[in-house]
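Note: hydrogens, waters and symmetry copies are ignored here, and every other heavy atom, side chains too, is used. The first residue in the sequence is number 1, and the count goes up from there.
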Amino acid sequence: MEEKNSFFIDEIQSGIWRTGQFLAWQSLVADRMTYQNLLPDGVSLAKGLGGGFPIGASWINSEYCDVLDEGSHGTTFGGSPLACHVALTVLEEIERKGFNKNILAMGNYLLSSLKKLEKKPQSLLQEVRGMGGMLGLELSVPSFQAAIALLERGLLVAPSSGNTIRLLPPLNVSFEQIQEAESILKQFLFSVL
């Protein structure tokens with residue numbers, strides 16, 4: 001009998017169009033027809049699902065529904081009627097207003113712009129990676145030092161471990177805001193800390 005590999009995907013931060021697709025793993029599949037060959041057995045969601053309102057959710061393949069017996073697992077932010085109504089409204093608004101397409105376009109613009117600055121002489125930028133509205137900038141300085149310097153210049157970023165900062169603009173970020181962030185980043189990347 002052939003052994004089946006199963007996998008569960010954590011989309012708590014990366015889901016709900018953060019990367020330009022509904023779920024980030026979909027961004028990694030070049031041929032959309034291969035989704036059926038690469039379906040996770042479970043997916044966890046939160047954060048973007050409620051647009052700031054606390055909610056958590058998971059999808060489990062019917063083959064694994066018996067893994068959690070009734071009453072064996074609790075949740076802090078799961079499934080209240082209010083949270084579910086908010087999540088449904090958030091999803092409808094994202095689609096209706098085109099925020100899912102916006103974040104992909106804005107993220108791709110910023111990624112392309114910053115890629116040109118990788119490893120340039122006197123640049124603090126070593127590598128840019130990511131997709132859509134979830135970008136990581138690996139720098140030649142510690143991430144907390146960079147985050148403080150960028151905050152002082154008017155740009156809020158999320159420090160990560162080591163030398164990587166994360167850029168996580170909202171799905172409805174405007175082109176003007178992306179250009180402002182780009183300008184601040186370019187000044188910072190060629191500054192002397």
Query raised in the report: Any donor-acceptor pair under 3.5 Å linking the side chain of N163 with the backbone of L139?
Result: yes
Query raised in the report: Mind checking whether E118 and Q126 have side chains closer than 4.5 Å, heavy atoms only?
Result: no
Report task. Answer with yes or no whether the side chains of E182 and S113 bring together a donor and an acceptor at under 3.5 Å. Result -> yes
Report summary line: Apart from L151 itself, members of its ILVMFWY cluster (side-chain separation under 4.5 Å) are L156
Requested in this report: Over all heavy atoms of both residues, which pair between I94 and N100 is shortest? Give the atoms and the distance, please.
Outcome: O-OD1, 3.5 Å
Query raised in the report: Got a donor-acceptor contact below 3.5 angstrom from the E11 side chain to the A24 backbone?
Result: yes
Requested in this report: Take the angle between the ring planes of F22 and W59 and call it parallel below 30°, perpendicular above 60°, tilted in between.
Outcome: parallel
Report task. Please step through ring pair (Phe, Tyr, Trp, His ring centres under 6.0 Å) for the pair Y64 and F8, ending with a clear verdict. Result -> CA-CA 11 Å; Y64 297 98; F8 189 94; 9.9 Å; no
Query raised in the report: Is there a donor-acceptor contact under 3.5 Å linking the side chains of S183 and E180?
Result: no
Query raised in the report: Among all residues two or more places apart in sequence or in another chain, which pass the side-chain hydrogen bond (donor to acceptor under 3.5 Å, both in side chains) test with R166?
Result: Q13
Requested in this report: Begin from the C-alpha positions of K97 and E93 and carry the test salt bridge (Lys or Arg N to Asp or Glu O under 4.0 Å) through to its verdict.
Outcome: CA-CA 6 Å; K97 293 185 176 175; E93 286 296 294; 3.3 Å; yes
Requested in this report: Using the test side-chain hydrogen bond (donor to acceptor under 3.5 Å, both in side chains), find all partners of S140 that sit at least two apart in sequence or belong to another chain.
Outcome: none
